Amino acid sequence: MISSSLHQLSLRLSQKFSLFSPLLSSHQASVTMSCYKGKYADELIANAAYIGTPGKGILAADESTGTIGKRFESINVENVESNRRALRELLFTTPGALQHLSGVILFEETLYQKTAAGKPFVDVMKEGGVLPGIKVDKGTVELAGTNGETTTQGLDGLAQRCQQYYKAGARFAKWRAVLKIGPNEPSQLAINENANGLARYAIICQENGLVPIVEPEILVDGSHDIDRCADVTERVLAACYKALNDHHVLLEGTLLKPNMVTPGSDAKKVAPEVIAEYTVRALQRTMPPAVPAVVFLSGGQSEEEASVNLNAMNKLKAKKPWTLTFSFGRALQQSTLKAWAGKEENVGKAQAAFLTRCKANSEATLGTYKGSSSLSEGASESLHVKDYKY
Amino acid sequence: MACSSVVKLNAASSSWTAGQKSVVNQRPGSASRFPARRVSVVRAGSYTDELIKTAKSIASPGRGILAIDESNATCGKRLDSIGLDNTETNRQAYRQLLLTTPGLGEYISGAILFEETLYQSTTDGKKFVDCLSDQNIVPGIKVDKGLVPLPGSNNESWCQGLDGLASRSAEYYKQGARFAKWRTVVSIPCGPSALAVKEAAWGLARYAAISQDNGLVPIVEPEILLDGDHPIERTLEVAERVWSEVFYYLAENNVVFEGILLKPSMVTPGAEHKEKASPDTVANYTLTMLRRRVPPAVPGIMFLSGGQSEAEATLNLNAMNQTPNPWHVSFSYARALQNTVLKTWQGRPENIDAAQQSLLIRAKANSLAQLGKYSAQGESDEAKKGMFVKGYTY
């Protein structure tokens with residue numbers, strides 16, 4: 001359970017940032033309802049608002065065993081449980097880091113792990129004012145009749161798994177849907193199928209006390225320009241919110257994890273201010289103010305790029321009735337991984353690198369990030385991997 | 001759907017780098033436009049910049065819309081209530097009284113007209129559209145052709161008017177109109193059926209796309225009728241469903257959200273429900289609905305009054321503006337602005353000044369309500385009279 005002071009804080013924040021408390025009426029059982037109003041409604045709203053606290057964001061540390069293996073390979077570390085545990089301990093116990101975070105997304109294995117001294121990771125987080133989250137999808141599979149488009153699996157038994165995760169301390173969940181831009185993509189089938197999957201996942205989470213992060217990632221792969229990305233992003237988000245509404249999801253108790261609107265990875269780069277303008281406009285056209293925050297994915301941008309782009313969005317003078325913050329994986333951990341290289345004696349150095357990125361992104365959510373004068377090794381390295389399989 | 005616009009985007013776009021101009025998505029036959037400051041490239045048409053400016057102007061602080069687009073038949077009912085015949089002269093005299101009210105432009109940003117009125121002039125020969133523009137009031141035009149029974153539904157209606165809408169809109173633009181209005185209805189006692197909701201939403205989306213293509217800012221009005229004995233929670237549920245569908249179809253029709261306005265009904269209990277709701281409750285439910293359904297790109301939400309009394313409509317609007325909203329929240333009132341005016345005029349020339357004053361009183365009250373600064377002290381009894389008519393046909 002979240003501590004009572006955290007709860008107080010999150011209630012105050014939900015009042016401040018959703019200037020308006022939505023209705024949770026006690027009207028007796030109508031057969032249909034406008035959206036989820038069950039026992040977790042207040043908590044979902046408070047937790048979603050808390051995650052969107054300005055100055056804080058999410059560390060996405062939910063790499064599956066396979067994916068973390070690839071990271072370890074790049075620094076010559078063996079992919080065994082103790083190493084996976086050690087890396088996560090390094091991150092979660094970095095002095096001063098947790099204050100810049102409102103949530104951490106975990107892979108199932110990590111939810112049940114402890115520090116070397118025996119303290120459960122979820123306790124470390126709770127004490128640091130950080131909500132534990134859990135990846136609940138089971139990866140993507142191809143859609144027949146399409147050009148390699150996918151849908152995401154994981155709905156079977158999801159309710160029971162969410163209940164277990166809630167018991168173990170998780171308070172939000174994440175499900176990644178993937179779309180790509182191509183001559184005929186994304187197809188209407190891929191959009192509808194992924195939007196529907198996200199909506200089913202979202203309502204199941206809410207019924208079981210977890211704030212669903214809705215993640216429709218449109219891959220950056222391709223040579224398309226930023227206009228095309230904007231057009232696709234707007235279409236996809238419109239379909240997602242239609243599906244969420246049809247499935248009676250309580251929007252005040254959700255978060256959105258979209259891609260930023262950028263040119264394709266093979267196209268000419270543009271200035272951060274342009275990315276900011278296009279991204280904010282896409283959200284203005286699709287995201288209802290009831291959703292408290294956007295937690296951007298970094299999708300292959302370098303650590304520095306991701307921070308600078310997020311900063312530009314927060315500096316932009318425009319209508320933004322939601323918080324704009326981060327949910328970064330690679331863009332928070334790259335330099336840390338390189339500095340650590342799996343060696344105990346490097347932990348201090350690695351934690352310093354991690355703290356630097358946490359601070360940078362925290363400032364970016366406030367629009368006060370000045371850019372890194374001396375970037376640590378790896379901070380400006382592009383993290384794009386073509387056709388990235390998570 | 002995606003095919004032609006995808007081809008256009010790929011063909012027309014050059015890569016954008018900061019400071020360079022980008023080619024706006026060109027439609028065949030439209031004039032080439034290279035805006036100095038690129039406002040909206042994605043889905044832009046030839047009127048996009050102007051639409052955005054017009055919508056912003058209508059959604060200006062402290063102002064709202066005066067709806068005087070009653071069809072001839074409906075206007076006839078109004079005139080009849082004060083003992084006047086339904087002639088063109090009387091309709092012209094009444095609209096002239098309203099539109100030449102000095103100082104109206106301080107509180108009114110737009111006026112919706114019926115087709116006849118768009119082409120009329122004052123007795124001195126000044127075009128009505130010019131009277132309006134002089135006061136910085138944008139002229140608008142009702143473009144729908146009324147409600148007819150929807151076959152296969154549960155006694156519900158649908159709104160006609162798409163045939164020839166493009167050329168009519170172009171004509172209206174030539175005459176000086178800069179926004180349009182289309183009113184469809186949804187009935188809670190009749191369901192509403194999924195068919196009726198879908199038709200209402202799709203019709204609005206088609207109308208909106210055609211309007212924008214011809215230079216008119218579309219006001220999107222799916223009125224959820226007050227008729228019924230349902231509680232406010234049911235209204236919320238239906239309103240959320242209707243608006244979800246409306247926005248989805250607007251997006252599918254490539255409508256530019258920065259260039260539209262909404263005209264929703266407030267979320268209230270049905271007229272025959274045993275309990276009335278306070279302004280704070282109405283505000284609470286209505287804002288919840290708006291926050292859940294209206295993207296911030298939409299510049300203005302101009303509420304219809306739908307049978308509320310003049311005072312009620314003002315109080316409810318005021319309650320909605322007590323904290324900042326991400327869109328301009330204002331009014332587009334017909335009966336709630338005109339009721340006292342009609343009764344004061346009684347068709348007599350000697351009453352014109354007094355009638356115009358009473359219009360200003362209502363307009364100012366609603367202007368204050370838009371700013372969240374209205375107080376009900378001193379409201380007349382007439383203003384408090386309810387105007388709900390069961391089964392009201394417009």
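Each chain gets a letter, A, B and so on, in the order its sequence line appears, and its residues count up from 1. Remember, it's a predicted structure, so these values are computed and weren't measured experimentally. We use all heavy atoms of the structure for the numbers below, so side chains are in, but hydrogens, waters and symmetry mates are not.
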Q: Return yes when atom NZ of K53(B) has more than 12 non-hydrogen atoms of other residues, nucleotides or ligands closer than 6.0 Å, and no otherwise.
A: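 Open: at most 12 neighbouring heavy atoms sit under 6.0 Å from NZ of K53(B).
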Q | Heavy-atom proximity to chain A below 4.5 Å, by part of V298(B) | A |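 Interface part for V298(B): backbone (N, CA, C, O).
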**Q.** Under 3.5 Å side-chain donor-acceptor pair for Y40(A) and E207(A)
**A.**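 Short answer, no.
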**Q.** Short side-chain donor-acceptor distance under 3.5 Å, Y278(A) and E234(A)
**A.**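 No, no side-chain donor-acceptor contact under 3.5 Å.
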Q: Let me know if A239(A) has heavy atoms under 4.5 Å from chain B in its side chain, its backbone, both or neither.
A: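 Answer is both: backbone and side chain atoms of A239(A) are under 4.5 Å from chain B.
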(Q) Counting only non-hydrogen atoms closer than 4.5 Å, does A238(A) touch chain B with its backbone (N, CA, C, O), its side chain (CB onward), both, or neither? (A)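 Contact with chain B is through both the backbone and side chain of A238(A).
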Q) Can you name the closest pair of heavy atoms from P212(A) and C205(A) and give their distance? A)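 Scanning both residues, the minimum pair turns out to be CB-CB, 4.0 Å.
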